[in-house]
Every structure is written in C-alpha cells, then in structure tokens.
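Ligands are counted one by one from 1 in listed order, and the atoms in each one are counted from 1 as well.
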Amino acid sequence: VKDRKLIVQIIPFENRRQILVTHDVTETERIDMMRRDFIANASHELRTPLTVINGFLEIAQAQPDLEQSVRMGHLKLMIEQGQRMQNLIEDMLTLTRLESIDYPLRTEQVNIRNLLGQLLQEANALSGGRHKISLDIDGPDIDGNTDELRSAFGNLVTNAIRYTPDGGHIHIQWQQTAKGPQFSVKDSGIGIRAEHIARLTERFYRVDKSRSRETQGTGLGLAIVKHVLLRHGAVLEIESEEGKGSTFLAIFNSTHLLR
Ligand code: ADP
C-alpha cells in the first residue's frame, strides 16, 4: 500500500492454516514523530537561555569583584533569558491545554469593542510610538471565549509590531463580511515569502530564527492562534508579500457564534 506503513502479523490457525493480521501504523507513527520533534525543539529552546544564565552565574562565582555596572549588565541579561524561558513554558502549557480533547470551550458574549480597545492600548504601549496603529470596528459581537480570543488576536497584533520596522503602519479591523465576522491585522512590515506561509502555524516554525529570538518570540504564537480559532469554528488566512507587509485574517463563519 503506497505511503502507508503496515505491520503484518501471521498467526497460526487450525489445520495448518494461518491468519494474516495487518495494522496500519502510519498515523500512530506520524503522531509519535511530531511528539518527538516537539520535545526536541522545546528542549533546545530551553537549553539556549539556560546556557546563558549558567555562564553568567559561573562568571559571578569566579569573579566576585566585578565592577558594579558590569554586574548589573549581566543581571539584566540573565533576567531577559529567564523571562524567555518563562514565556516558552507558558506558551507550551497553553498549547497543550488547547489541544487536549477534554478541554471544553466556555463561551460567553464577547464584547468586541472592549476587547479590541484594550488590545489597541497594549499595542501602543508595546510599540512605544514607533508605529502608527489604527483600529476600525464595524461588525457584530460573537459568542466565544474572551480570554482565548484576546490571546489569539493579541498574538497577531504583537507579531505585526515585531515584524514591522519603525515608522510602519498597523491596521486592526473587525468587520462583517459575506463569509462572516472577520478580525484582521494588516501591517506594512517585512512580509513573508510564499514558501513559508503554509508552515507558519507549525510549532517552532520561524522564517528567521535569530530575528524571532531578538523580539522575544517563542515560535509557538501562531500555533496557539490556529488552535484558538479552530475551537471557535474560525479559520486563519495569511496574505503576504516579502518586503511589503502581511495581513492575518481570522474568519468566523459559523452563524451560531453570532449574537
Ligand atoms: P514567533 O514567536 O517566532 O513570532 P509565531 O508562531 O508567532 O512565532 O510566528 C512564526 C513566524 O512567522 C515568525 O517567527 C515570523 O517569521 C513569521 N511571522 C509571524 N507574523 C509575522 C508578520 N506579521 N510579518 C512577518 N512575519 C511574521
């Protein structure tokens, strides 16, 4: 059988006959491989900041008389790396929770105006005036989980800021479309080459590892976004052009979510 891995068992039966039992293990092996990849990636991601922290601790022990300003510099770097480990662990826990089948979606009426208003404030704080950020709301409220949607929309907005150079524009929009209510974030940032787009929601997939690290990214953000949207019956669409900018759209199509 093409592209499938089968385990064949031959079991002796009466009268010198035999029974042939086949098990299709393709899916089990695929899940197993994904799990191994995840653990390998996560361990690597945690080891890097830990190596930095351990390095500075060894310096502190070997050179107790270091100048105060140098020591403060080392402490600052250690705190940053500790924060990176914490972000990563929190994202891993969030992802695991979202993926577990027995984690039900608790819904309420989501006040979109409040939610996006808060997001805009946070975005401006993160940008520190380096970008022009606008918000436009012209669509209905929906049923959903406010915290989960805040984290998904927040991730998309944070990415737009991270991957848009100073002076760029970011437009956040909530609107009713023919397909359903839609959240979108359009940025005038670095953009993404076509061949990467389909893989962006894979855990730890990054176009540029060093840039993502610099911006405190964990590489799990879009995987979390995808899962939250899936639970809400919504889909993520990505339009992008390298050097020009990207638009991330979350399209809610199920009418039962409408208020
Ligand atoms: P990270 O924590 O690395 O940002 P994400 O899962 O949020 O992880 O995003 C995965 C990758 O997708 C990023 O590393 C980056 O290469 C790319 N990406 C995400 N959003 C944007 C954007 N708005 N513009 C350009 N590239 C983006």
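- With ligand atoms numbered from 1 in the order given, ligand 1 contributes 2 (O) to contacts under 4.0 Å with heavy atoms of Thr218.
- For the pair Glu45 and Arg203, the salt-bridge criterion is not met [side-chain N within less than 4.0 Å of a carboxylate O].
- Taking hydrophobic clusters as Ile, Leu, Val, Met, Phe, Trp and Tyr residues chained together by side-chain heavy-atom distances below 4.5 Å, Phe248 shares a cluster with Trp174.
- For ligand 1 and Arg206, the ligand atoms under 4.0 Å from any heavy atom of the residue are 3 (O), 14 (O).
- Screening residues 122-151 for ring pair (Phe, Tyr, Trp, His ring centres under 6.0 Å), with sequence neighbours left out, gives no hits.
- Salt bridge Glu80/Lys76: present, at least one basic N to carboxylate O contact under 4.0 Å.
- Residue contacts with ligand 1 include Ser246, since one of its heavy atoms falls under 4.0 Å from the ligand.
- Contacts with ligand 1 closer than 4.0 Å are made by no heavy atom of His196, backbone or side chain.
- Proximity of Val207 to ligand 1, defined as any heavy-atom pair under 4.0 Å, is shared by backbone and side chain alike.
- Evaluated by nearest non-hydrogen atom to atom 1 (P) of ligand 1, the leading choice among Gly191, Gly219, Gly221 is Gly219.
- Checking only distances, Tyr163 does come within under 3.5 Å of ligand 1, N or O to N or O.
- Backbone and side-chain nitrogen or oxygen atoms of Ile190 are examined, and none is located within less than 3.5 angstrom of a nitrogen or oxygen of ligand 1.
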Would you mind writing out the side-chain donor-acceptor pairs for residues 56-65 within the sub-3.5 Å range, not counting sequence neighbours?
none

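- With a 6.0 Å radius and a threshold of 12 heavy atoms from other residues, nucleotides or ligands, Gln121 has its CD atom at or below the threshold.
- Aromatic rings of Phe204 and Phe38 (six-membered ring for Trp) have centroids within the 6.0 Å cut-off, being under it.
- In this structure, the side chain of Ser127 does not engage the main chain of Ala123 through any donor-acceptor pair within 3.5 Å.
- Not one N or O of Ala223 is nearer than 3.5 Å to an N or O of ligand 1, by distance alone.
- Of the heavy atoms in Tyr205, only backbone atoms (N, CA, C, O) come closer than 4.0 Å to ligand 1.
- Distances between N or O atoms of Gly217 and those of ligand 1 include no value under 3.5 Å.
- Only the side chain of Asp187 comes within 4.0 Å of ligand 1, counting heavy atoms alone; its backbone N, CA, C and O stay farther away.
- Not a single heavy atom of Asn155 sits under 4.0 Å from any atom of ligand 1.
- Every atom of ligand 1 with a heavy atom of Arg162 under 4.0 Å away is listed here by number and element: 2 (O), 4 (O).
- Applying the 4.0 Å criterion to heavy atoms of Phe248 picks out, from ligand 1, the atoms 20 (N), 21 (C), 22 (C), 23 (N).
- With His227 as reference, Glu99 is the one residue of Glu99, His232, Arg97 to meet the side chain to side chain donor-acceptor pair (under 3.5 Å) rule.
- Applying the 6.0 Å contact sphere to CD of Glu195 captures more than 12 heavy atoms from other residues, nucleotides or ligands.
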